[in-house]
Amino acid sequence: MKRSYLLLAISIILILPVSPLQAENECGASSLKEDIQAQLAALDEDPIGAFREIIALALGGLRDCSEHEDSFSGLPGAQPVLGPLKVSEGYYIVTMTTEGSAKIESVALEGCGKELDGVIHSFSASQATHGAQNLVEAASDCIFYLELSQITAPWALTIEKVR
């Protein structure tokens, strides 16, 4: 059993998107590696706890080191809830593109700050034809949901970290 945990942890380390072209201070690759190695050392004492922490560290590394943006889309009539979404501390541009109307409300679960807990966008038909954008700040690493309502046309939503 411990062997399978160790093999899984090693595979997670190997697939982390750490590129020499990325700056160390952007995603903290060296500190991430040290944290995962510390959890590997603790594997014999508390395998489940260490395994959970390795997964959390790997997911955080994927989020922090990733160069892609989160994007979603849907059809009119749907009132989706997107999440849970995890972001690291920093500024994000939330862009909604639709020919119809829509309202986007954020519900913060952990440490997001005031800008990610409330209405992010609310607009009438044709106001977001070319994309309505809003800059929001995550005060710290946080988890939140997005509630979309009043959707009257196909839509696309992206969340992109400002670098």
Side-chain angles (χ1 to χ4, degrees), residues 1-74 78-96 102-121 133-149 151 155-163:
M1 186 77 156
K2 290 180 184 178
R3 181 180 224 167
S4 63
Y5 289 143
L6 182 60
L7 291 174
L8 184 60
I10 291 171
S11 65
I12 289 171
I13 292 170
L14 294 176
I15 64 169
L16 285 176
V18 178
S19 164
L21 299 176
Q22 292 177 320
E24 281 290 321
N25 60 359
E26 284 184 19
C27 69
S30 63
S31 108
L32 179 63
K33 182 178 177 182
E34 290 171 9
D35 292 343
I36 290 176
Q37 286 176 340
Q39 291 304 315
L40 286 172
L43 197 58
D44 287 333
E45 296 168 15
D46 180 17
I48 299 299
F51 183 62
R52 285 183 180 159
E53 186 61 26
I54 289 169
I55 290 172
L57 288 167
L59 290 174
L62 287 172
R63 177 189 68 226
D64 295 343
C65 296
S66 177
E67 292 184 14
H68 77 284
E69 59 190 33
D70 288 323
S71 42
F72 310 92
S73 61
Q79 307 297 311
V81 175
L82 306 175
L85 303 171
K86 297 178 182 182
V87 293
S88 58
E89 180 179 353
Y91 290 92
Y92 294 83
I93 296 177
V94 179
T95 305
M96 177 80 149
K103 180 179 179 181
I104 304 169
E105 189 165 351
S106 177
V107 178
L109 299 178
E110 279 182 26
C112 294
K114 64 181 179 179
E115 290 187 23
L116 281 174
D117 197 16
V119 175
I120 294 178
H121 281 303
Q133 295 183 327
N134 195 4
L135 179 68
V136 294
E137 179 184 11
S140 62
D141 293 356
C142 75
I143 300 171
F144 65 99
Y145 283 88
L146 290 178
E147 297 176 350
L148 281 66
S149 61
I151 299 171
W155 56 274
L157 176 85
T158 59
I159 303 169
E160 182 179 10
K161 186 168 186 174
V162 176
R163 297 200 187 251

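Quick note: numbers below take in every heavy atom, side chains included, and nothing from hydrogens, waters or symmetry partners.
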Out of curiosity, [X] [atom1] to [Y] [atom2], how far, rounded to the nearest 0.5 Å?
| X | Y | atom1 | atom2 | answer |
| --- | --- | --- | --- | --- |
| Asp35 | Leu40 | CG | CG | 11.0 Å |
| Leu135 | Glu115 | CG | CD | 7.0 Å |
| Ile159 | Ile93 | CD1 | CD1 | 12.0 Å |
| Leu116 | Ile143 | CG | CD1 | 12.5 Å |
| Glu105 | His121 | CD | NE2 | 13.0 Å |
| Glu160 | Tyr92 | CD | OH | 11.0 Å |

>> Checking Val81 against Val107 for the side-chain contact (heavy atoms from CB on, under 4.5 Å) test, could you report, in this order, the C-alpha distance in whole Å, the side-chain angles of both residues, the deciding distance, and whether it holds?
In response: CA-CA 10 Å; Val81 175; Val107 178; over 6 Å; no

[X] versus [Y], closest heavy-atom pair with distance:
| X | Y | answer |
| --- | --- | --- |
| Ser149 | Gln79 | CA-OE1, 2.7 Å |
| Ala102 | Met96 | CB-CE, 3.5 Å |
| Pro80 | Trp155 | CG-CZ2, 3.7 Å |
| Ala139 | Gly113 | CB-CA, 3.9 Å |
| Ser88 | Ala138 | O-CB, 3.7 Å |

>> I'd like to know whether Leu157 forms a side-chain contact (heavy atoms from CB on, under 4.5 Å) with Leu82, so could you lay out the CA-CA distance, the side-chain angles of the two residues, the decisive distance to 0.1 Å, and finally the verdict.
In response: CA-CA 10 Å; Leu157 176 85; Leu82 306 175; 3.7 Å; yes

> Does the side chain of Cys142 reach to within under 4.5 Å of the side chain of Leu109, using non-hydrogen atoms?
Replying inline: no

>> When you compare the side chain of Val119 with that of Lys103, does any pair of heavy atoms fall below 4.5 Å?
In response: yes

>> Run Asp117 and Ser106 through side-chain contact (heavy atoms from CB on, under 4.5 Å) and show every step you take.
In response: CA-CA 5 Å; Asp117 197 16; Ser106 177; 5.7 Å; no

> Yes or no on side-chain contact (heavy atoms from CB on, under 4.5 Å) for Leu85 and Phe72, after CA distance, side-chain angles and deciding distance?
Replying inline: CA-CA 12 Å; Leu85 303 171; Phe72 310 92; 3.7 Å; yes

> Is a donor on one side and an acceptor on the other found under 3.5 Å between the side chain of Asp70 and the backbone of Thr158?
Replying inline: no

